[in-house]
Amino acid sequence: MSSLYPSLEDMTVDKMARAQVHAPPHAAQPAVAAAPVPGGVTVVSTTQSLYPSLNEFMGLEITDEVVRSHMPVVLQHPPGQVVAASGATGANQMIAPVSGTREVGILRSEIRQGVREVVLCKAENGKVGLAVKSVSKGVFVAFVYKGSPAAMAGLRFGDQILQIDGITVAGYDADKVNKVIKKAASRRIVMAVRDRPFERTLTMQKDSAGHIGFAFNNGEVKQIVKDSSAARNGILTDHHLVEINGQNCVGLKDKEIHALFDASPRTVTITIMPTFVHKHMVEKMGSLKKYMDHSVPEL
């Protein structure tokens with residue numbers, strides 16, 4: 001069975017360790033221990049593209065032609081290539097001798113390209129700290145207040161709300177959604193939420209100078225350093241940073257984003273989104289992004 005690695009550096013170190021373990025006795029060296037991540041990860045065969053297939057997002061038509069025109073570097077997975085499907089049990093294990101099996105940035109940055117359940121409550125003032133906007137008959141998170149119940153529950157800018165306490169909200173405007181939330185019980189509100197589309201997470205390692213190998217401007221990846229950890233692990237230009245170690249960085253100034261990278265441990269996990277999707281999402285959702293929640297999410 002194939003093993004899974006959070007970064008190319010982890011794979012390289014693990015292969016070296018395995019080679020030492022299986023070397024002839026006279027050439028054997030102490031090996032680096034590789035521990036599995038609890039929970040297990042299953043490897044599945046697929047022919048799907050690098051990003052999930054969508055026909056439309058917030059009124060933006062998403063076709064193969066649109067994706068190719070904006071992201072010509074995006075290729076299809078060759079038939080039979082394996083990709084990770086998280087949340088399942090199996091014999092395959094995540095090997096992380098460099099990053100560490102409990103690296104919090106990786107755990108916080110997990111993307112679920114599907115529907116997840118979010119449970120939250122109301123604050124003392126009866127609010128959940130959430131602003132929504134209706135776009136193309138869908139209800140999306142436009143703003144999450146720092147330290148609010150919505151922030152602590154893990155709701156993020158751009159997430160799509162599908163249901164609230166079993167009520168399907170497709171086609172609702174913001175006022176109608178707010179009325180549903182207002183009528184909901186104070187101690188428990190259950191939402192069905194779909195993650196923002198077209199996101200990718202990448203795990204990289206800082207070099208001896210504390211660099212990971214790419215430059216950005218206004219949150220957009222502009223340049224990639226040759227042979228850097230960023231280059232080896234598949235970062236792409238024309239993509240925007242949306243999270244660093246699971247922490248929202250949408251709306252932050254570049255100097256604030258640099259501060260997050262400086263404060264990060266050696267292993268850094270980022271979440272990126274194609275610039276054309278990010279730009280469309282921000283335009284549709286309004287200009288409050290710089291005031292939104294940027295706190296470190298709880299695990």
Side-chain angles (χ1 to χ4, degrees), residues 6-7 37 86 96 98-113 116 118-120 128-131 140-160 193-206 210-222 229-230 233-236 239-275 277-279 281-282 285-299:
S7 71
V37 166
S86 62
V98 176
S99 298
T101 60
R102 298 296 297 173
E103 170 58 41
V104 293
I106 297 175
L107 297 177
R108 291 191 187 117
S109 301
E110 181 182 2
I111 292 176
R112 301 170 180 86
Q113 293 294 355
R116 73 184 193 276
V118 174
V119 180
L120 62 158
V128 298
L130 177 70
F140 296 88
V141 175
F143 187 86
V144 178
Y145 290 86
K146 183 176 181 180
S148 67
M152 291 185 285
L155 285 169
R156 301 174 299 175
F157 172 72
D159 282 347
Q160 183 178 4
V193 178
R194 186 183 297 278
D195 276 5
R196 299 168 296 201
F198 294 94
E199 291 180 316
R200 302 174 64 212
T201 59
L202 306 171
T203 298
M204 299 162 287
Q205 311 295 331
K206 291 183 177 180
H211 301 147
I212 52 180
F214 71 91
F216 58 89
N217 183 35
N218 292 326
E220 181 181 1
V221 179
K222 292 292 189 179
S229 183
N233 286 291
I235 197 170
L236 300 172
H239 279 62
H240 260 77
L241 296 163
V242 292
E243 289 182 3
I244 300 171
N245 291 328
Q247 183 175 351
N248 176 33
C249 63
V250 175
L252 293 181
K253 297 179 180 179
D254 283 349
K255 64 179 181 180
E256 296 172 311
I257 296 176
H258 277 295
L260 292 181
F261 279 120
D262 291 341
S264 172
R266 180 187 177 191
T267 298
V268 185
T269 298
I270 64 172
T271 304
I272 59 175
M273 172 185 288
T275 293
V277 178
H278 179 273
K279 181 179 179 181
M281 181 176 71
V282 170
M285 302 302 282
S287 58
L288 291 173
K289 60 184 185 297
K290 67 179 180 179
Y291 300 109
M292 68 178 61
D293 176 64
H294 295 105
S295 58
V296 178
E298 298 288 341
L299 288 176

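Values below: every heavy atom of this structure, side chains too, minus hydrogens, waters and symmetry copies.
- In this structure, the separation between CD on Glu199 and NE2 on His239 is 11.0 Å, given to the nearest 0.5 Å.
- Listed here is the closest heavy atom pair of Leu155 and Val144: O-CG2, 3.6 Å.
- Between Leu241 and Ile270 there is a side-chain heavy-atom pair separated by less than 4.5 Å.
- Counted by atom type alone, Thr201 and Thr269 present zero donor-acceptor pairs between their side chains at under 3.5 Å.
- The shortest heavy-atom contact between Arg194 and Arg116 is C-NH1, 4.4 Å.
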Run Phe157 and Val282 through side chain to side chain contact (heavy atoms under 4.5 Å, CB included) and show every step you take.
CA-CA 9 Å; Phe157 172 72; Val282 170; 4.2 Å; yes

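- Here the straight-line distance linking atom CG of Asp254 with atom CZ of Phe261 works out to 10.5 Å at 0.5 Å rounding.
- Distance check, rounded to the nearest 0.5 Å: CD1 of Ile212 to CZ of Arg266 gives 12.5 Å.
- Checked against ring-ring contact (aromatic ring centres under 6.0 Å, His included), His211 has no partners two or more places apart in sequence or in another chain.
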Taking it one step at a time, do Ile244 and Thr271 satisfy side chain to side chain contact (heavy atoms under 4.5 Å, CB included)?
CA-CA 6 Å; Ile244 300 171; Thr271 304; over 6 Å; no

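- Between Phe143 and Tyr145, the ring planes lie perpendicular to each other; the angle is over 60°, past the 30° to 60° tilted range.
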Do Lys255 and Asp262 pass the salt bridge (Lys or Arg N to Asp or Glu O under 4.0 Å) test, and can you show the C-alpha distance, the side-chain angles, and the key distance before you say yes or no?
CA-CA 10 Å; Lys255 64 179 181 180; Asp262 291 341; over 6 Å; no

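- Listed for the His240 side chain is a donor-acceptor partner under 3.5 Å among the backbone atoms of Asn218.
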Evaluation steps, side chain to side chain contact (heavy atoms under 4.5 Å, CB included), between Arg200 and Met273
CA-CA 7 Å; Arg200 302 174 64 212; Met273 172 185 288; over 6 Å; no

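- The two residues Ile235 and Leu202 come nearest to each other via the heavy atoms CA-CD1, 3.4 Å.
- Listed here is the closest heavy atom pair of Gln205 and Ser229: N-OG, 2.9 Å.
- At least one donor-acceptor pair closer than 3.5 Å links the side chain of Asp159 to the backbone N or O of Arg156.
- For residues 212-222, the set of pairs meeting the salt bridge (charged side-chain N to carboxylate O under 4.0 Å, His left out) definition, not counting sequence neighbours, comprises Glu220-Lys222.
- Counting all heavy atoms, side chain and backbone alike, Leu120 lies closest to Ala153 at CB-CB, 3.8 Å.
- Looking only at side-chain heavy atoms (C-beta outward), Ser264 and Lys206 come within less than 4.5 Å of each other.
- Taking both residues in full, the closest heavy atoms of Ile257 and Gly219 are given as CD1-CA, 4.2 Å, listed atom of the first, atom of the second, then distance.
- Taking CG from Asn248 and CD from Glu243, the interatomic distance works out to 6.5 Å, rounded to the nearest 0.5 Å.
- Residues Val268 and Thr203 form no side-chain contact, since every pair of their non-hydrogen atoms from C-beta on lies 4.5 Å or further apart.
- With values rounded to the nearest 0.5 angstrom, Leu130 atom CG is found 7.5 Å from Ser148 atom OG.
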